Asks: 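This is the structure I want to talk about, given as structure tokens.
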Amino acid sequence: MAESPLLLIGGSAATLLQGRGALQDIDQMSLFKPICKFCASVRTIRQIIPVLRKAMALAQSGTPGPVFVEFPIDILYPYHVVHKELSPKGVPKGIVGKVINWYLQNHLKNLFAGAWEPCDVSPLQVSIPLATADQVQRCIELVSRAKKPVFLLGSQVTLPPIPVEKLRKSLESLGIPCFLGGMARGMLGKDSPLHIRQNRREALKEADLVILAGTVCDFRLSYGRVLNRRSKIIAVNRDRSQLLKNSDMFWKPTVAIQGDAGSFIVNLSEGLKGYTCPSDWTEQLKSGDVTKEKANKLKAEEKTERHLNPLKVLHLVDEEMADDSIIVADGGDFVGSAAYILRPRGPLRWLDPGAFGTLGVGGGFALGAKLCRPDSEVWIVFGDGSLGYSIVEFDTYTRHKTPVIALIGNDACWSQISREQVPLLGSNVACSLAYNDYHNVAEGFGGKGFLVTRQDDNRIVDIIKEGQKACKNGKAVLINVLIGKTNFREGSISV
């Protein structure tokens, strides 16, 4: 659902023992087929390279996604080991024994036949759908006539073949106001005049042209109900089912393009050289942005009944975060607030789990980000609930010398669930947690932990800086912030 090109490799029982009660022998293929673009089980050594090449090409082609390749254990071991396992302990006796031995030896020969023959190792052929020239031209005409256009950019715009910096220049050349979602957050940098962060629903009701570039009309856009029926709508998506999702009910695309959104935007920009988006429209949206963010800052100064105001903490972190920071989002209520306040510093500097909202990805995402960009300051924004899934990764950060900073919004609760459960059922059962000493857990794994309470209200910035310094010195850092309740995002339900 996050459209991630992932190659998953799994072991399995030996080819001749599958279905015969071998250790951990299950039908993995049936499990993975519904959620993978491609599944294959390698049955001979000579299939390894062709199958892996096909899997990796398909993972990146069209709409990216996961692929699964199964390796039976006898494919993984050298010839002499497999030969020993398949050979009889003594001389076969009787016709049945000889037939079985003949079968096993033939199976062994077929298993390794052609193992060392040259294989194709040329660059993979990745298929990417592109908009046609006629489709781009029609969209150029729609944009040139629009008075109030807006872009809604989703994760797909960050995919190859268009480099993100080239895409960013194309967006700036067009000058059309942009709402960013998913991995597209940060595409325009920290303080772009084109990036509109607030009041999206109101803007979509007023816009006369909406360009859905990799954005889907699912729950995040109220299934398309937020779109104005009088607006012209250009939809671009690699996946046809996502491209037209709910178009039979709440919205209709003026132009629907099954193609790469990034390439489309670059082509659109090249066809609109000299075009200028009406400045009064951009200024109107930016003015609403400024007003809303001022209101958020005022709300951040409000005192909570107990502990610290989470909005204040997030504003201070945003101010102190390094310019090369990468933000990993893993949580519910606290992360939902962070998405309104933290400003990713540039393209590909915001990582979240995608539309499925999978809790527990933070530890692994941060590890990958730090290994990929070792000089960047990597932040994980955790709720205290989601932290439970990957706090043990502080051991990994220490052993592999990959220091990151984890910010924990600790309200001792699964708040995104409790927010609706308590008014509906009058009970907080299964939602209550404890104000645990997560900072001590990080210390136990060789990291550096900080506890931030209401008594530290005037020291929050100093503690953030201490954490950044410890991280630069090679320590993984956990900042355990005890937070109170606010009515920010009250009534927000994602269904």
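Here the structure is a predicted model, which means the values were calculated and not measured.
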Asks: Does the ring center of Phe68 lie less than 6.0 Å from the ring center of Phe32?
Replies: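 Judged by ring-centre distance (under 6.0 Å), Phe68 and Phe32 do meet the cut-off.
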Asks: Using a 4.5 Å cut-off on heavy atoms from C-beta on, say whether the side chain of Val335 contacts that of Asp330.
Replies: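 Result no, sub-4.5 Å side-chain heavy-atom pair not found.
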Asks: Nearest 0.5 Å please: distance from the OG1 atom of Thr63 over to the CG atom of Leu159.
Replies: 9.0 Å
Asks: Compare every heavy atom of Ala366 with every heavy atom of Tyr397, then report the nearest pair and how far apart it is.
Replies: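 Heavy atoms only, the tightest pair is OH-CB, 3.9 Å.
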Asks: Are any non-hydrogen side-chain atoms of Leu31 and Ile26 less than 4.5 angstrom apart?
Replies: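 Touching, per the 4.5 Å side-chain cut-off.
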Asks: Say whether, by atom type as modelled, one donor and one acceptor occur between the side chain of Ser427 and the main chain of Val429 under 3.5 angstrom.
Replies: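 Yes, the answer is positive, given that a donor and an acceptor are paired below the 3.5 Å cut-off.
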Asks: Atom CZ in Arg240, atom CD1 in Ile257: separation rounded to 0.5 Å?
Replies: 12.0 Å
Asks: Got a donor-acceptor contact below 3.5 angstrom from the Asn436 side chain to the Tyr438 backbone?
Replies: no
Asks: Which heavy atom of Glu70 sits nearest a heavy atom of Ser41, and at what distance?
Replies: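 The pair with the smallest heavy-atom distance is OE1-OG, 2.7 Å.
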Asks: What verdict does the side chain to side chain contact (heavy atoms under 4.5 Å, CB included) test give for Arg343 and Arg197, after you've listed the backbone C-alpha separation in whole Å, the side-chain angles of each residue and the deciding distance to 0.1 Å?
Replies: CA-CA 10 Å; Arg343 295 168 294 172; Arg197 292 164 51 88; 3.6 Å; yes
Asks: Is the gap between the ring centers of Tyr340 and Phe488 under 6.0 Å?
Replies: yes
Asks: Do the side chains of Cys413 and Leu433 get nearer than 4.5 Å, heavy atoms only?
Replies: no
Asks: Using 0.5 Å steps for rounding, measure from the SG atom of Cys178 to the CE atom of Met187.
Replies: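 Cys178 SG to Met187 CE: 9.5 Å, rounded to 0.5 Å.
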Asks: Around Arg201, counting heavy atoms of other residues, nucleotides and ligands shown, do more than 12 lie under 6.0 Å from its CZ?
Replies: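 Not more than 12 within 6.0 Å, no.
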Asks: Does Asp437 use its side chain to pair, donor to acceptor, with the backbone of His439 at less than 3.5 Å?
Replies: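 No; judged by distance alone, with no hydrogens or angles, the pair does not exist.
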Asks: If you define the side chain from C-beta out and look only at heavy atoms, does anything of Pro347 sit under 4.5 Å from Glu165?
Replies: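 Contact flag for Pro347/Glu165 side chains = yes.
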Asks: Are any non-hydrogen side-chain atoms of Asp25 and Arg20 less than 4.5 angstrom apart?
Replies: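 Answer no - side chains too far apart.
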Asks: Can you check side chain to side chain contact (heavy atoms under 4.5 Å, CB included) on Leu342 and Trp379, steps first, answer last?
Replies: CA-CA 11 Å; Leu342 298 183; Trp379 286 77; over 6 Å; no
Asks: Does a sphere of radius 6.0 Å around CD1 in Ile73 hold more than 12 heavy atoms from other residues, nucleotides or ligands, not counting ones at 6.0 Å or beyond?
Replies: no
Asks: So Leu52 and Leu7, do their side chains get closer than 4.5 Å, heavy atoms only?
Replies: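 Heavy-atom side-chain distance check passes, below 4.5 Å.
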Asks: Look at the side chain of Gln242 and the backbone N and O of Val216, then say whether any donor-acceptor pair between them is shorter than 3.5 Å.
Replies: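 Judged by distance alone, no pair lies under 3.5 Å.
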Asks: Would Asp384 and Tyr435 count as a side chain to side chain contact (heavy atoms under 4.5 Å, CB included) if you check the C-alpha gap in whole Å, the side-chain angles of each, and the deciding distance to 0.1 Å?
Replies: CA-CA 9 Å; Asp384 52 334; Tyr435 289 105; over 6 Å; no
Asks: Starting at CE of Met321, measure out to CD of Gln468 and round the result to the nearest 0.5 Å.
Replies: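 With rounding to 0.5 Å, CE (Met321) is 8.5 Å from CD (Gln468).
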Asks: Measure from the side-chain N and O atoms of Gln421 to the backbone N and O of Cys431, and report whether any donor-acceptor pair falls under 3.5 Å.
Replies: no
Asks: Would you say that Thr15 contacts His107 through its side chain, given a criterion of any heavy-atom pair below 4.5 Å between the two side chains?
Replies: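 Yes; the side chains approach each other to less than 4.5 Å.
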Asks: Measure across Pro353 and Ala2 and return the closest heavy-atom pair with its distance rounded to 0.1 Å.
Replies: O-CB, 3.6 Å
Asks: Taking Lys252 for the side chain and Ser247 for the main chain, is one N or O donor matched with an acceptor at less than 3.5 Å?
Replies: yes
Asks: Would you say Thr398's side chain and Phe445's backbone share a donor-acceptor pair under 3.5 angstrom?
Replies: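 Checked: pair present.
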Asks: Using modelled atom types and a 3.5 Å cut-off, is there a donor and acceptor pairing between side-chain atoms of Asp260 and backbone atoms of Ser263?
Replies: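 Flag set: sc Asp260 to bb Ser263 pair under 3.5 Å.
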Asks: Hey, does the side chain of Lys475 reach the backbone of Gly446 with a donor-acceptor pair shorter than 3.5 angstrom?
Replies: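 It does hold such a pair.
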Asks: Can you measure from CZ (Arg43) to CG (Leu111) and round to the nearest 0.5 angstrom?
Replies: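 So the CZ of Arg43 and the CG of Leu111 are separated by 9.5 Å.
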Asks: Do Leu478 and Ile391 come within less than 4.5 Å of each other through their side chains, counting heavy atoms only?
Replies: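 Answer yes - side chains close enough.
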Asks: Given 3.5 Å as the limit, does a donor-acceptor pair link the side chain of Lys93 with the main chain of Lys98, or not?
Replies: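 Not at all, since once roles are kept as given, no pair shorter than 3.5 Å links the two residues.
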Asks: How long is the gap from CG on Leu124 to CG on Leu58, to the nearest 0.5 Å?
Replies: 10.0 Å
Asks: Is it true that Asp411 and Lys485 have a side-chain N and a carboxylate O under 4.0 angstrom from each other?
Replies: yes
Asks: For Ile128 versus Pro161, what's the shortest heavy-atom pair and its separation?
Replies: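 The answer is CD1-CD, 3.6 Å.
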Asks: So, are Arg168 and Glu172 salt-bridged, with charged N and O less than 4.0 Å apart?
Replies: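 A salt bridge links Arg168 with Glu172.
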Asks: So Leu221 and Asn246, side chain to side chain contact (heavy atoms under 4.5 Å, CB included) or not? Walk me through it.
Replies: CA-CA 11 Å; Leu221 283 180; Asn246 297 309; over 6 Å; no
Asks: For a quick test of reading the model, state the closest non-hydrogen atom pair linking Asp74 to Ala14 and the distance between them.
Replies: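 Result for this residue pair: OD1-CA, 3.5 Å.
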Asks: Return the minimal non-hydrogen interatomic distance between Gly331 and Leu359, and the atom names on each side.
Replies: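 So the two residues come closest at CA-CD2, 3.7 Å.
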